[in-house]
Structure formats: structure tokens, C-alpha cells
There are 2 protein chains.
Amino acid sequence: MSSAEATDTRSRILEAARRLLVDGAGAATRMSDIAKAAGVSRQAVYLHFESRAALLIAVTKHMDAVLGVQERLKPTRAARNGEDRVKAFVAFWGAYVPEIYTVARALMAMRDSDAAAREAWDGRMAAVREGCAAAIAALEREGRLRPNWTLTTATDLFWAMLSVPVWEQLTQGCGWSSTDYIERIQTQALATFATPG
Amino acid sequence: MSSAEATDTRSRILEAARRLLVDGAGAATRMSDIAKAAGVSRQAVYLHFESRAALLIAVTKHMDAVLGVQERLKPTRAARNGEDRVKAFVAFWGAYVPEIYTVARALMAMRDSDAAAREAWDGRMAAVREGCAAAIAALEREGRLRPNWTLTTATDLFWAMLSVPVWEQLTQGCGWSSTDYIERIQTQALATFATPG
DNA sequence: CCTTTCAATTTACATGATGTCAATTGACAC
DNA sequence: GTGTCAATTGACATCATGTAAATTGAAAGG
């Protein structure tokens, strides 16, 4: 069955790309590396993906399915107050970023040269912003958002605190563990945005 | 006088590069663009600078001189207490980044592919970290550093808050003005690190 | 059995950037 | 004049992405 084989090859490419991006050369991974790892010719990759950018974008989607993002987000939605929600979202994010980091970096690096990559990245980040906005809104509903902030400005800043480069600098550069990152960003977010309990 | 002419050409290249990076195509600026703008051949650029990375690094140094970094840092050192010092450093940074931003971006983008660029960038960022550390240390000397933080962890996080990508996201992405940025990051830094007045 | 179809292969090529090399020009200094 | 040195010109190497065309091989279906 040719279409089943095709799907199979496509998946093999996707998996090979994911593996190389996560464990291998990271953002420096080339199309030929991926082809070799998948056991196909370089041109076969272009048969399934329009461009390097399209492949990277497909890998991120593939990973979301594998990692079960929706499942991981449940505690966030279950939070019973604003403070819990902020903490839950930071905890989700702090556990999630390490798994997508190298792929995210590759996509980020392509933003300058490829419009599709830029759009895909912006879309993912817009989804993260939604999560930030929901947490801030929960605080605000309880009257616990500090008067310095509006919904928008607090969301902007919370979102920036959670950006991938910040995570990168703190964990890769400063040697923070995942737990360190989560606890300290939770602390900062509450100190910044929430009125004392 | 041949050596005077050489210096002159070198300066013209540097200035052309600076102009293109700041006002022109930004990080996408090519060696040939710079040569054309300086009115010399592309190869003449390589006569003065080993590589694109070396040229970018030279541009940042050139800009520090032009922008008078030391002068701008004076208010920071003149601050009479920790809170003032934190605020002064954020104010300095918030006024400084817009001027170096596009050049910084070009250098950042080269980090992956060029070791010299990476080193140069890390060096600049290490200097910024010094500024962060000094401000945090001033707070701590007054017993106003919140007990959640150590000198190191607070410096790490303050430094990350001031990173260029955060500035970029807030000002370019979220539309914050320079004043917005300065005021709000000051607020966040004090809320996070300083015990209430 | 033969033919169509379609994924995949092989090989070659186009492009666009950085960086290298060698021969040449032109001006100024001694 | 002759040597020196910056700069020019033009060709070339390299390395990655992406394109194109001809070919193979296997499965599906009359």
C-alpha cells in the first residue's frame, strides 16, 4: 500500500528530525543529516516537506501530540484561584520548555530568514500568551492584581518572563535546575503581580 | 600618508556598517552592502576585518565610544542606596538598548555559527551582569534583599529580566515605549527583590 | 501478464552568502 | 625611479538550501 508507506516514511523523517534536534546537533541540524538518519535520500525529504521551515514546523506539531500538551495543561485549568493558576502555569511551562527547547531554538533561528517560520513561532507564542492572560485575569477577578498593572501590561510582562530566551539564560547559562526555575519564577510573578495574601 | 588613509577607510567601513545595521537592513546586512555603502570593494573590507563576526564586534566597540557608555553609567554609581541603584541601572539599560539593539541582534544571530561572536556577546553580557550584581549587592548591604533570594540567584534573575530578547518582546512586540519599559521593569525588580520600604 | 502509478533514487544544477587567492593599479615616500 | 602598501578586479572554493529531470522498483488493477 503506497499511501501507508508514504505515511511511514514521513513519520520516519519526522522522528529522525525530532531526535537530531533534541539530542543531536540541535539548531545546526541539516536537511542531509535528517535524511541520513531517516534512511532516505535528501530529496525524499523534500517530497514530504516543502522546506526546512515546513519540516521544523511539522516537528513541533508532532511533538505536541507526543508530549500530550492538553493533558499537561489540565492542572492549570483546575486551579481554584488566581495565585494557584499563576503557579500552575509556571509549573507547566517549566516542565514543558526543556522538552521542546532545542526544536524551539531551531525555529527561532529561522524567524529572520523565513516568513513561515516566523508565523509559526508567533502562533505558538500567542498560545502561551493566552495562558498568561488567563492566569492574570484570574488574579484580577479576585481583586488581587496589584494596582500598578492593567490586564494587558501584566500579561505582557508575565509573558516576557516566560519567554524561551529567559528560560535558556537561567537554566543553561546560570545553571538553574527545572525546580529552581519554577519556584523562583513563581515567586517573582506573585511578588510582581499579586497583592500580598 | 598611507596609514592615515588606512585608518580613514577603516572608519568609513565601521561607520557604514553601523549605519546599515542600525537604520538599514539590520542583521540581514551583508558584507557587500557594507562595502558599497563605504564606497570600497568587498575585498577591501576583508583587508581591515578578518570576518563578518570581527567586523560586527568592532562595530559594537566603536558604538560604545560614540555613545559614551561610561558617561551614561555615572548616575548608577552615584546612587545613594540600593533601591536607587536598581532604578538607575534599569534606567540606564532602558535608554541604552534601543541604541544598540539592531547591532546586538546581528551579533546574537551569529552566536550559533561563530565562536568569536559568541565570546564577544558573552563578554558584553558579563559586563551587564556586573551592573546587576552591584545593584543587588547594594540592596543586600542595606538588609533590603528579600529572604527568598541570595546574591547570586537575585542577580541571575535580574540579569535575565534585562536581557535583550525581553526588551525586544516588550518594546517591539508589545508596543511598550522606552518609558513604559523602564518604569515597569523598575517596579517589577523592586517588587521581586526588595523588601517594602 | 502487462500497464499504470507513485514513492523514492540518482545526478546535476541554481542560488546566495562568506571567505580566499593572485595579479594589477595607483599614489606617495625616499 | 623604485619600492611599498592600500585598494581593485576577477576568479574561485565552500557550504547550505532548494529545483529539476530521468530512472528504478514495487504494488494495484484490468
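Just so it is clear: chains get the letters A, B, ... in the order the sequence lines come, proteins before strands, and each one is counted from 1. Since the structure is predicted, the reported quantities are computational estimates derived from the model, not experimental observations.
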Any B:H48 side-chain N or O less than 4.0 Å from OP1/OP2 of D:dA6: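 No.
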Any A:T9 side-chain nitrogen or oxygen under 4.0 Å from OP1 or OP2 of C:dA8: yes
Under 4.0 Å between a Lys/Arg side-chain N and an Asp/Glu carboxylate O for [X] and [Y]?
X: B:R118; Y: B:D114; result: no
X: B:R111; Y: B:D122; result: no
X: A:R19; Y: A:D23; result: no

What pairs of donor and acceptor atoms, side-chain ones from residues 62-69 of chain B against any protein atom, are under 3.5 angstrom apart with sequence neighbours left out?
residue: B:D64; atom: OD1; partner: B:Y96; partner atom: OH; Å: 2.6
residue: B:D64; atom: OD1; partner: B:R124; partner atom: NH2; Å: 3.0
residue: B:D64; atom: OD2; partner: B:R124; partner atom: NH1; Å: 3.2
residue: B:D64; atom: OD2; partner: B:R124; partner atom: NH2; Å: 2.6

Rounded to the Å, how far apart are [X] [atom1] and [N] [atom2]?
X: A:L47; N: D:dG18; atom1: CG; atom2: P; answer: 15 Å
X: B:R12; N: D:dA6; atom1: CZ; atom2: P; answer: 15 Å
X: A:K36; N: C:dT9; atom1: NZ; atom2: P; answer: 14 Å
X: A:Q43; N: C:dT11; atom1: CD; atom2: C1'; answer: 9 Å

Partners meeting side-chain contact (heavy atoms from CB on, under 4.5 Å) with A:K36 (sequence neighbours left out):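 Checked A:K36 against side-chain contact (heavy atoms from CB on, under 4.5 Å); zero matches.
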Atom pair CG/CZ of A:N81 and A:R141 - distance to nearest 0.5 Å: 11.0 Å
Restricting both atoms to N or O, compile the protein contacts to nucleotides 14-17 of chain D shorter than 3.5 Å, with distance only.
residue: D:dA16; atom: OP1; partner: A:R30; partner atom: NH1; Å: 2.7
residue: D:dA16; atom: OP2; partner: A:R30; partner atom: NH1; Å: 3.4
residue: D:dT17; atom: OP1; partner: A:M31; partner atom: N; Å: 3.3

